[in-house]
Q: 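Structure below; questions to follow.
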Amino acid sequence: MATLESRRLGIAEVSEMTGIPVHMLRQWEARFPQLKPRRDRANHRYYTAEDVEVVRRIKQLLRQEKMTTEGAKRRLAQELRGEGRPATRQETIDLIEKIETEARALLALLDDD
């Protein structure tokens, strides 16, 4: 049995998995350059696991974070370019220290049980 990572998914399957209607997926393909499913020789769309993750992120930006389409498009472009990472060495160190503190707190909670 093929895993999601190795499968080619049709638009109906992606619609069912994500809860996004087929017509909306087609609109998103036109509006978001990051969402470009491949096409086979018969010109049928097929989505990869990466495409499905992009669909889920677009859904989150539009529906949960209430962003406009343009705002979501910009944010997605930034995320896929890797922007939003710490800009300086000190910001990176601060982020690592914060993560370490949170991880230690979680471990302490687990040890208490």
Q: Ile11, Tyr46: one ILVMFWY side-chain cluster at the under-4.5 Å cut-off?
A: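 Cluster IDs for Ile11 and Tyr46 differ.
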
Q: Within this structure, what is the CG-CD distance for the pair Leu76 and Gln60, rounded to the nearest 0.5 Å?
A: 11.0 Å

Q: What's the separation between atom CD1 in Ile93 and atom CD in Glu97, rounded to the nearest 0.5 Å?
A: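 Ile93 CD1 to Glu97 CD: 7.0 Å, rounded to 0.5 Å.
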
Q: Is there a side-chain contact (heavy atoms from CB on, under 4.5 Å) between Glu102 and Leu106 once you walk through the steps?
A: CA-CA 6 Å; Glu102 291 175 3; Leu106 288 171; 5.5 Å; no

Q: For atom CD of Glu16, is the number of surrounding heavy atoms from other residues, nucleotides or ligands below 6.0 Å larger than 12?
A: no

Q: Inspect the surroundings of CZ in Arg39 and state if more than 12 heavy atoms from other residues, nucleotides or ligands are less than 6.0 Å away.
A: yes

Q: Indicate every side-chain donor-acceptor pair of residues 61-73 with a distance under 3.5 Å to a residue at least two apart or in another chain.
A:
{"from": "Glu65", "atom 1": "OE1", "to": "Arg75", "atom 2": "NH1", "distance (Å)": "3.2"}
{"from": "Glu65", "atom 1": "OE2", "to": "Arg57", "atom 2": "NH1", "distance (Å)": "3.3"}
{"from": "Lys66", "atom 1": "NZ", "to": "Arg63", "atom 2": "O", "distance (Å)": "3.2"}
{"from": "Thr68", "atom 1": "OG1", "to": "Gly71", "atom 2": "N", "distance (Å)": "3.0"}
{"from": "Glu70", "atom 1": "OE2", "to": "Lys73", "atom 2": "NZ", "distance (Å)": "3.2"}
{"from": "Lys73", "atom 1": "NZ", "to": "Arg31", "atom 2": "O", "distance (Å)": "3.1"}

Q: May I ask you to decide whether Lys36 forms a salt bridge with Asp51, counting only side-chain N to carboxylate O separations under 4.0 Å?
A: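 No salt bridge links Lys36 with Asp51.
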
Q: Could you list the donor-acceptor pairs under 3.5 angstrom formed by side chains in residues 17-26, with sequence neighbours left out?
A:
{"from": "Thr18", "atom 1": "OG1", "to": "Val14", "atom 2": "O", "distance (Å)": "2.8"}
{"from": "Thr18", "atom 1": "OG1", "to": "Ile20", "atom 2": "N", "distance (Å)": "3.4"}

Q: With a 4.5 Å cut-off on side-chain heavy atoms, are Arg8 and Asp40 touching?
A: yes

Q: Measuring from atom CG of Leu95 to atom CD of Glu100, what distance do you get when rounded to the nearest 0.5 angstrom?
A: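 Interatomic distance, Leu95 CG to Glu100 CD, rounded to 0.5 Å: 11.5 Å.
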
Q: If you round to the nearest 0.5 Å, how far is CH2 of Trp28 from CD1 of Ile58?
A: 6.0 Å

Q: For the atom pair CG (Leu80) and CD (Gln34), what is the distance rounded to the nearest 0.5 Å?
A: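 Rounded to the nearest 0.5 Å, the CG-CD separation comes to 5.5 Å.
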
Q: Got a sec, which residues hit salt bridge (charged side-chain N to carboxylate O under 4.0 Å, His left out) with Glu13, two or more places apart in sequence or on another chain?
A: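 Once residues adjacent in sequence are excluded, the partners of Glu13 under the salt bridge (charged side-chain N to carboxylate O under 4.0 Å, His left out) criterion are Arg7.
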
